[in-house]
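Written out below as structure tokens is the structure these notes cover.
If you're wondering where the values come from, they're calculated on a predicted model, not measured in any experiment.
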Amino acid sequence: MNTTPSSTTTPSTTTPPAGTTDPAEGSADAVTEEATAKDSLAKDPAEDAPSKDPAPKGATGTPSDAADSKTAPDDLAGQSADEDDDDVLEPDPFDEARHGVGAGAAAVVSAALGVVALTGAWTGRVAAERETLIGQIQTSGGGSAAQQISEIYGDAWHTTALVNGVFAVLALLVGVFVLVRPAFGTPSERPQPTWVRAVALAGVALGVLGVLISAGMYFDLFVSLPTAGAPAGG
């Protein structure tokens, strides 16, 4: 009978040779790497991606400054275009000043002629003196009192009225021309200035008044010629 106790077999704890891996450790490392790969895929790629600076190296200022510098030429171009449009649309002050100069001058002339027609001119006085001289020459050889009054005084009076009437008619015609001029010819883009129409109306009014007074003087409607009394009988 064998009395020697049976020996128990223990697991081997011998360290594996260098360069070899334990199968259990290899499987654990594989599981860990697989879990890490899954976690990296589950993460947002934008978080792991390195932030890129849009500004190039060596450039100064922020990206907004760069954008502003790019849009600055466009803004300047737009402003210059707007200024050109404003220059085109805005009326020229010299054109505004020249507008209505001729009509204004004609209106002033009309008013001046109307004043001359009412107050008299040196031309009328000269013409009256001429008629007086002619009457004196004609009656120097003798003539009745009525003839002398008519030749010396009446003709001079009528001549003065006639000259004043001519100035009045000219004032009336020029004033009417200024008022009706915008209705004829090439239409103007700007209306006639108010002061031009006012002065032209004044010239027309003075012209009408001068024509009426001159007509009354010429036809002796206001004041009749003096008459010579009958000679006293002897």
Show every donor-acceptor pair shorter than 3.5 Å between a side-chain atom in residues 103-112 and any protein atom, with sequence neighbours excluded, or say none if there are none.
{"from": "Ser110", "atom 1": "OG", "to": "Ala171", "atom 2": "O", "distance (Å)": "2.7"}
{"from": "Ser110", "atom 1": "OG", "to": "Gly175", "atom 2": "N", "distance (Å)": "3.3"}

Please round to the nearest 0.5 Å and tell me the distance separating atom CD of Glu151 and atom OG1 of Thr139. 7.5 Å
Just one of Ile152, Thr159, Thr160 clears the side-chain contact (heavy atoms from CB on, under 4.5 Å) bar with Glu131, so which one? Thr159
In terms of hydrophobic clustering (I, L, V, M, F, W, Y; side-chain heavy atoms under 4.5 Å; direct or indirect links), are Val163 and Tyr218 co-clustered? no
Test item: Ser150 side-chain N/O and Ala146 main-chain N/O as donor-acceptor pair under 3.5 Å: no
Got a sec: does the CZ of Phe219 have more than 12 other heavy atoms crowding it under 6.0 Å? no
Please output the side-chain donor-acceptor pairs of residues 120-129 that fall under 3.5 Å, not counting sequence neighbours, one pair per line with the distance.
none

For a quick test of reading the model, state the closest non-hydrogen atom pair linking His158 to Asp220 and the distance between them. NE2-OD1, 3.1 Å
Kindly write out the residues that satisfy side-chain contact (heavy atoms from CB on, under 4.5 Å) with Tyr153, not counting sequence neighbours, or none if the list is empty. Trp157, Leu225, Pro226
Those residues that, when tested against Arg130, pass side-chain contact (heavy atoms from CB on, under 4.5 Å) (two or more places apart): Ile134
Please give the remaining members of the hydrophobic cluster of Leu133, linking ILVMFWY side chains under 4.5 Å, ordered by chain and number. Ile137
Cluster link Val176 to Leu179, ILVMFWY, side chain under 4.5 Å: yes
Donor-acceptor contacts under 3.5 Å from residues 197-213 side chains, at least two apart:
{"from": "Arg197", "atom 1": "NH1", "to": "Gln192", "atom 2": "OE1", "distance (Å)": "3.4"}

